[in-house]
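Inspection log for the structure reproduced underneath, given as structure tokens.
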Amino acid sequence: MYLTGSKQYNLDAKSRLTLPASYRKDFSDSVCLIPLKDALYGFTPEGFERWVDSFFNHDGRTFDPRNRRDVALRRMLTGNTVTVDIDSAGRVALGKLDMTDPKARERLGLVKDVTVVGVGDHFEVWNTQKWEAEQAAFADDIDALIYGDQA
């Protein structure tokens, strides 16, 4: 699985998002959603597990259940995530986020116009205006982002 591209959508009256058709084949029947700083991240359950593990499995280190930081971080990541079914029309009910964080969609601006962005192992759902501002901020710097400053 390697998700790419971006597409604008309008959430329906029930705050449902229709996943891009090209993404649906990679998601069987559910998606793990976690609201972060600027966007809502969506993972397959297996991808979410790998993502959480990546915070601990590096430099020869693994999750340590006796380490308070490890336990707190894992608890925060899993506790703020909701697993949502994908319906037969390929829709995801973003309103289910309200069960874990009633202010998440409002804080992220995921009320009507959203942009879904493929980011390799997951997708992100952005408020369209925030996404466009993010893109504009880096539009002139894409060469610098790719190649570094080569003045």
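With a 6.0 Å radius and a threshold of 12 heavy atoms from other residues, nucleotides or ligands, Lys25 has its NZ atom above the threshold. Summarising the local packing, CD of Gln129 is surrounded by 12 or fewer heavy atoms from other residues, nucleotides or ligands at distances under 6.0 Å. For Met1, the CE atom counts as densely surrounded, since its 6.0 Å shell holds more than 12 non-hydrogen atoms of other residues, nucleotides or ligands. Taking a 6.0 Å sphere around CD of Glu49, one finds it holds 12 or fewer heavy atoms contributed by other residues, nucleotides or ligands. Atom NZ of Lys130 has more than 12 heavy atoms from other residues, nucleotides or ligands within 6.0 Å.
Taking hydrophobic clusters as Ile, Leu, Val, Met, Phe, Trp and Tyr residues chained together by side-chain heavy-atom distances below 4.5 Å, Leu19 does not share a cluster with Ile34. Both Leu110 and Leu33 sit in one connected hydrophobic cluster of ILVMFWY residues. Membership requires side-chain heavy atoms under 4.5 Å apart, directly or through other members. Cluster membership for Leu97 and Val114, using ILVMFWY side-chain heavy atoms within less than 4.5 angstrom, is shared. The hydrophobic cluster containing Val84 also contains Val116, counting ILVMFWY residues as joined when their side-chain heavy atoms lie under 4.5 angstrom apart, directly or transitively. Under a hydrophobic-cluster definition in which Ile, Leu, Val, Met, Phe, Trp and Tyr are linked whenever side-chain heavy atoms come within less than 4.5 Å, directly or via other members, Val82 and Val125 are assigned to the same cluster.
Considering every non-hydrogen atom in both Leu73 and Phe55, the closest pair reads CD2-CB, 3.9 Å. Contact record, Ile86 with Phe27: CD1-CB, 3.5 Å, taken as the closest heavy-atom pair. Across Thr115 and Ser6, no two heavy atoms sit closer than the pair CG2-CB, 4.1 Å. In terms of heavy-atom proximity, Leu108 sits nearest to Leu40 at CD1-N, 3.9 Å. Arg105 and Ser15 get closest at one heavy-atom pair: NH1-OG, 2.9 Å. Taking both residues in full, the closest heavy atoms of Pro45 and Cys32 are given as CA-SG, 3.7 Å, listed atom of the first, atom of the second, then distance.
Under the 3.5 Å distance criterion, the side-chain polar atoms of Asp64 are matched with a main-chain donor or acceptor of Arg66.
Distance check, rounded to the nearest 0.5 Å: CG of Leu94 to CZ of Arg16 gives 10.5 Å. We find the CG-CZ distance between Asp26 and Phe123 to be 11.0 Å, quoted to the nearest 0.5 Å.
Of the candidates Phe48, Phe43, Trp51, Phe48 is the only one forming a side chain to side chain contact (heavy atoms under 4.5 Å, CB included) with Thr81.
In this structure, the side chains of His122 and Arg50 stay at 4.5 Å or more apart for every pair of heavy atoms. Looking at Val119 and Tyr41, their side chains never come closer than 4.5 Å, going by heavy atoms from C-beta outward. By the 4.5 Å heavy-atom criterion applied to side chains, Arg107 and Asp101 are counted as neighbours. Side-chain contact between Arg24 and Thr18 is present, with at least one heavy-atom pair separated by less than 4.5 Å.
Evaluation of the salt bridge (charged side-chain N to carboxylate O under 4.0 Å, His left out) test over residues 111-125, restricted to residues two or more places apart or in two chains, returns none.
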